[in-house]
Amino acid sequence: MQGRLSAWLVKHGLVHRSLGFDYQGIETLQIKPEDWHSIAVILYVYGYNYLRFQCAYDVAPGGLLASVYHLTRIEYGIDQPEEICIKVFVPRKNPRIPSIFWVWKSADFQERESYDMLGISYDNHPRLKRILMPESWIGWPLRKDYIAPNFYEIQDAH
């Protein structure tokens, strides 16, 4: 089933795949990593001026990684803002997605957390480095194939 935004993207020749609607009726679209930055700019200009949140997850052990964006179109005088969900899937071997920091500044810490936990590199992010784990940490803790170290170091335990 094609939603309003999907129809608009088709009309303007923008490549995507409709994933239907979630349980709240929010349209979900899949965008290829190489098309994501240009479509993000178009969506911002179209009126999706608020990045509600960005997150990422591991689809399956050894499979794809996904970066998810929930965007909201906020306009003055509108009681119910329009929302969409964008999913960008990347291979786990070299997961690279264009950063949307320069479109929505609120993506800063959110993309850093996705990098820190799953190892997705966001190209052109100004400060892409670990945010939760120490810089010396090896691996990506939220990947389903991550093997946790068999030791835990407790510092300053009293």
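The shown structure was predicted, so the numbers you read here are calculated from the model rather than taken from an experiment. Note: hydrogens, waters and symmetry copies are ignored here, and every other heavy atom, side chains too, is used.
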When you compare the side chain of [Y] with that of [X], does any pair of heavy atoms fall below 4.5 Å?
X	Y	value
Pro33	Arg96	no
Phe21	Ile26	no
Val88	Ile86	yes
Ser67	Lys87	no
Leu9	Leu29	yes
Leu64	Val90	no
Tyr57	Val68	yes
Ser106	Tyr50	no

**Study point:** Pair Glu135-Lys129, side chain to side chain contact (heavy atoms under 4.5 Å, CB included): steps then yes or no
**Key:** CA-CA 8 Å; Glu135 285 292 329; Lys129 61 182 183 175; 3.6 Å; yes
Just by modelled atom types, is the [Y] backbone N or O under 3.5 Å from a matching donor or acceptor in the [X] side chain?
X	Y	value
His12	Leu14	no
His70	Leu51	no
Glu27	Leu5	yes
Asp116	Leu132	yes

Indicate whether the side chain of [X] and that of [Y] have a donor and an acceptor atom separated by less than 3.5 Å.
X	Y	answer
Tyr48	Glu83	no
Ser114	Gln54	yes
Asp123	His37	no
Ser99	Glu111	yes

[X], [atom1] atom: more than 12 neighbouring heavy atoms under 6.0 Å:
X	atom1	answer
Arg130	CZ	yes
Lys32	NZ	no
Trp137	CH2	no

Review point. How many angstroms lie between CD in Glu75 and OG1 in Thr72, if you round to the nearest 0.5 Å?
Key: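 Those atoms lie 12.0 Å apart.
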Exercise for review: Measure the spacing between CZ of Arg17 and OG1 of Thr28 and express it to the nearest 0.5 Å.
Suggested key: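 Nearest 0.5 Å value for the CZ-OG1 distance: 11.5 Å.
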Cation-aromatic face contact [X]/[Y], 6.0 Å, 45 degrees:
X	Y	value
Arg112	Phe109	yes
Lys105	Phe101	yes
Arg73	Tyr46	yes

Check your understanding: Does Arg92 pair with Asp58 as a salt bridge, N-O distance under 4.0 Å?
Key ->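 Salt bridge flag = yes for Asp58 with Arg92.
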When hydrophobic residues are tied together by side-chain contacts of less than 4.5 Å, even through go-betweens, does [X] share a cluster with [Y]?
X	Y	result
Leu142	Leu65	yes
Leu19	Ile97	no
Leu43	Ile74	no
Val15	Ile39	no

Check your understanding: Relative to the ring of Trp104, is the ring of Trp36 parallel (under 30°), tilted (30 to 60°) or perpendicular (over 60°)?
Key ->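 The arrangement is parallel - the two ring planes meet at less than 30°.
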Practice item. Using salt bridge (charged side-chain N to carboxylate O under 4.0 Å, His left out) as the criterion, list what pairs up with Asp35, not counting sequence neighbours. Key: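 With neighbours one apart ignored, the set is empty.
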Minimum heavy-atom distance [X]-[Y], with the two atoms named:
X	Y	value
Val59	Ala66	CG2-CB, 4.1 Å
Tyr122	Pro98	CD2-O, 4.4 Å
Tyr69	Ile100	CE2-CG1, 3.6 Å

Check your understanding: Should Tyr44 and Val103 be marked as a side chain to side chain contact (heavy atoms under 4.5 Å, CB included) after you check the CA-CA gap, both sets of side-chain angles, and the distance that decides it?
Key -> CA-CA 7 Å; Tyr44 184 84; Val103 182; 3.7 Å; yes
**Study point:** Audit row: Met117, Trp140, side chain to side chain contact (heavy atoms under 4.5 Å, CB included) steps and yes/no
**Key:** CA-CA 5 Å; Met117 295 289 109; Trp140 315 108; over 6 Å; no
